[in-house]
Amino acid sequence: MTRASNIVLGVFNAIILILGLVAIAMGLYFFLGSNSQCEKGIQNEMLIIGAALFIVALIGLIGSCFGINFFLILYLVVMFLLILGLICFTIFTIFVTNEAAGRAASRTKIMNFNTWIRDRFVNGKNWNPIRTCLIDANVCKSLGNVGVDPNVSNFYKKHLSPIQSGCCKPPIECGFEHENATFWVKPKEGSGVRNSDCRTWSNEQKSLCYNCESCKSGVVDNVRNKWKIMAIANAIFTVILILLYSVGCCARKTSSSSASYTKYTGYRSYA
């Protein structure tokens with residue numbers, strides 16, 4: 001049993017260690033070879049995640065391969081904290097992405113979960129790096145391949161992501177004339193609506209509707225959708241970690257039993 005639990009624990013941690021090294025390598029790649037605001041934001045996350053995975057896996061490998069109780073105990077403590085953190089983060093993700101759950105949680109007066117994503121990503125000075133990121137990523141560039149369509153309603157029916165819909169074209173109520181995918185002509189008599197985005201729109205490719213409220217709403221919707229997927233991934237990963245934690249507990253228990261047997265009999269089996 002000792003061998004089986006240690007082997008399983010060792011294999012899993014070897015895989016995690018490799019994943020950690022890959023994440024560190026990707027973080028260093030972005031750090032050394034990119035000037036993009038988007039990629040510079042990714043690099044820190046990759047380095048932190050990679051370093052955390054590497055350290056945890058290394059502790060687990062040492063504990064499982066050499067049967068050292070101290071490293072197994074340290075590994076289990078770190079794993080427990082990681083599992084607890086993932087559970088808390090998954091619950092928080094559900095609150096900030098689900099309107100009903102967020103409304104119920106907001107009644108506790110801890111914080112307003114329904115507006116947390118907007119406050120964190122698009123309000124105030126937080127919008128500037130996001131806006132720069134969108135420009136660097138050329139999120140509207142693909143629309144240039146759509147071509148000229150004399151019927152503007154056909155263009156609005158095309159499948160666009162929330163960000164493309166909010167940032168790459170003026171709102172439909174503005175009544176702009178459609179020249180091509182990224183060039184729109186303002187009505188000579190004005191839009192006649194009180195939507196500030198109608199005045200904010202610019203045909204300059206680095207401006208477009210990146211300062212529009214519709215663009216910010218598109219980013220919020222995109223983040224909310226990504227976080228919903230992340231909540232599911234976190235739940236699956238948490239289950240895997242719980243199983244791995246159980247194997248670690250088994251390895252710790254059998255290792256302690258083996259150490260006690262050696263201490264009181266003076267015999268150690270190397271088989």
Asks: Treating Asn98 as the side-chain partner and Ile94 as the backbone partner, does any N or O pair qualify as donor plus acceptor under 3.5 Å?
Replies: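 It does not hold such a pair.
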
Asks: Taking everything shown except Phe237 itself, do over 12 heavy atoms lie less than 6.0 Å from its CZ?
Replies: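 No - once you tally the heavy atoms of other residues, nucleotides and ligands closer than 6.0 Å, there are 12 at most.
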
Asks: Between Leu58 and Ile48, is there a shared hydrophobic cluster once you connect ILVMFWY residues whose side-chain heavy atoms come closer than 4.5 Å?
Replies: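 No.
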
Asks: I'd like to know if the side chain of Asn126 and the backbone of Asp119 have a donor-acceptor N/O pair within less than 3.5 Å.
Replies: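 Flag set: sc Asn126 to bb Asp119 pair under 3.5 Å.
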
Asks: Sub-3.5 Å donor-acceptor pair from the side chain of Thr108 to the main-chain atoms of Ala105, do we have one?
Replies: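 Present.
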
Asks: Restricting to non-hydrogen atoms, name the atom on Val122 and the atom on Trp127 that form the minimum distance, rounded to 0.1 Å.
Replies: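 Minimum heavy-atom separation between Val122 and Trp127: O-CB, 3.3 Å.
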
Asks: Rounded to the nearest 0.5 Å, what's the gap from CG on Asn128 to SG on Cys133? Could you check?
Replies: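 If I round to the nearest 0.5 Å, the distance is 12.5 Å.
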
Asks: Name all pairs fulfilling the disulfide bond (SG atoms under 2.5 Å apart) condition that reach into residues 210-247, sequence neighbours left out, sorted by first residue then second.
Replies: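 As it turns out, the disulfide bond (SG atoms under 2.5 Å apart) pairs with a partner in residues 210-247, which skip direct neighbours, are Cys167-Cys215, Cys209-Cys212.
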
Asks: Which atoms form the tightest heavy-atom contact between Arg131 and Asn211, and what is the distance?
Replies: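 Closest heavy-atom pair between Arg131 and Asn211: NE-OD1, 3.0 Å.
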
Asks: According to the interplanar angle, ranging from 0 to 90°, do the rings of Trp227 and Phe89 count as parallel (below 30°), tilted (30 to 60°) or perpendicular (above 60°)?
Replies: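 Tilted.
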
Asks: For the residue pair Lys226 and Val223, establish whether any side-chain heavy-atom pair is separated by less than 4.5 Å.
Replies: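 A side-chain contact under 4.5 Å is absent here.
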
Asks: Measure the NZ-CG distance between Lys169 and Leu208 for me, rounded to the nearest 0.5 Å.
Replies: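 Nearest 0.5 Å value for the NZ-CG distance: 12.5 Å.
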
Asks: Any chance you could measure Ile240, atom CD1, to Ile83, atom CD1, to the nearest 0.5 Å?
Replies: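 It is 11.5 Å, given to the nearest 0.5 Å.
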
Asks: Please give me the minimum heavy-atom distance between Cys140 and Tyr210, naming the atom from each residue.
Replies: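 Heavy-atom minimum between the residues: SG-OH, 3.4 Å.
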
Asks: Heavy-atom distance under 4.5 Å between the side chains of Leu76 and Cys249, does that happen here?
Replies: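 Side chain of Leu76 against side chain of Cys249, heavy atoms only: contact under 4.5 Å found.
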
Asks: Would a hydrophobic clustering, with Ile, Leu, Val, Met, Phe, Trp and Tyr connected at side-chain separations under 4.5 Å, put Leu72 with Leu243?
Replies: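 The answer is no; the residues belong to distinct hydrophobic clusters.
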
Asks: So which atom in Thr93 and which in Ala231 form the shortest heavy-atom distance, rounded to 0.1 Å?
Replies: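 Shortest heavy-atom contact: CG2-CB, 3.7 Å.
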
Asks: Apply the side-chain contact (heavy atoms from CB on, under 4.5 Å) test between Thr132 and each candidate in Asp136, Ile130, Leu134, Ile135; give the one that qualifies.
Replies: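 Single side-chain contact (heavy atoms from CB on, under 4.5 Å) partner of Thr132 among Asp136, Ile130, Leu134, Ile135: Asp136.
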
Asks: Using ring centroids (six-membered ring only for Trp), state whether Phe92 and Trp116 fall under 6.0 Å.
Replies: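 Ring centres of Phe92 and Trp116 closer than 6.0 Å.
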
Asks: Which heavy atom of Gly166 sits nearest a heavy atom of Ser214, and at what distance?
Replies: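 Closest pair (atom of Gly166, atom of Ser214, distance): O-OG, 2.8 Å.
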
Asks: Does CZ belonging to Phe12 count more than 12 external heavy atoms closer than 6.0 Å?
Replies: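 12 or below, so no.
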
Asks: Transitively linked via ILVMFWY side-chain contacts under 4.5 Å: Leu61 with Phe70?
Replies: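 Linked within one cluster.
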
Asks: Is Gln205 reaching over with its side chain to a backbone N or O of Asn203, donor-acceptor style, under 3.5 angstrom?
Replies: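 Yes; at least one donor-acceptor contact below 3.5 Å.
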
Asks: Rounded to the nearest 0.5 Å, how far apart are CD1 of Ile16 and CG of Leu241?
Replies: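 Output value for this atom pair is 6.5 Å.
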
Asks: Kindly determine whether Asn114 and Glu99 satisfy side chain to side chain donor-acceptor pair (under 3.5 Å), including the steps that lead there.
Replies: CA-CA 6 Å; Asn114 283 330; Glu99 184 176 351; 5.9 Å; no

Asks: Roughly how far apart are Thr200 OG1 and Asn195 CG, rounded to 0.5 Å?
Replies: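 Spacing of OG1 (Thr200) from CG (Asn195) equals 8.0 Å.
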
Asks: Less than 4.5 Å apart, any side-chain heavy atom of Leu17 and any of Leu53?
Replies: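 With C-beta onward as the side chain, the pair stays apart.
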
Asks: What's the separation between atom CH2 in Trp184 and atom CD in Glu177, rounded to the nearest 0.5 Å?
Replies: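 One gets 10.5 Å once the value is rounded to the nearest 0.5 Å.
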
Asks: Does Glu213 offer a backbone N or O that forms a donor-acceptor pair with the side chain of Asp197 under 3.5 Å?
Replies: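 Yes, Asp197 side chain to Glu213 backbone: donor-acceptor pair under 3.5 Å.
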
Asks: Within the structure provided, determine whether Cys174 and Trp201 are in side-chain contact (heavy-atom separation under 4.5 Å).
Replies: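 They are not in contact (no side-chain heavy atoms under 4.5 Å apart), so the answer is no.
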
Asks: Within the structure provided, determine whether Met46 and Ile24 are in side-chain contact (heavy-atom separation under 4.5 Å).
Replies: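 No, every pair of side-chain atoms sits at 4.5 Å or beyond.
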
Asks: Starting from Ile55, can I reach Tyr245 by hopping between I/L/V/M/F/W/Y residues whose side chains sit under 4.5 Å apart?
Replies: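 Same cluster.
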
Asks: Between Thr115 (side chain) and Arg118 (backbone), is there a donor-acceptor pair under 3.5 Å?
Replies: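 Not a single qualifying donor-acceptor pair exists.
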
Asks: Which heavy-atom pair separates Asn225 from Pro162 by the least distance, and what is that distance?
Replies: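 Looks like ND2-CG, 4.4 Å.
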
Asks: Are Leu244 and Tyr75 side-chain neighbours, meaning at least one heavy-atom pair lies under 4.5 Å?
Replies: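 With C-beta onward as the side chain, the pair touches.
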
Asks: Donor-acceptor pair, Ser106 side chain versus Asn112 backbone, under 3.5 Å?
Replies: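 Here the side-chain-to-backbone pair does not exist.
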
Asks: Do Ile242 and Ile232 share a hydrophobic cluster, counting only Ile, Leu, Val, Met, Phe, Trp and Tyr and linking them when any side-chain heavy atoms are less than 4.5 Å apart?
Replies: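 Result: no, two separate clusters.
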
Asks: Counting only heavy atoms from other residues, nucleotides and ligands, does the tally under 6.0 Å from CE of Met230 exceed 12?
Replies: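 Counting neighbours around CE of Met230, more than 12 heavy atoms of other residues, nucleotides or ligands fall under 6.0 Å, so yes.
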
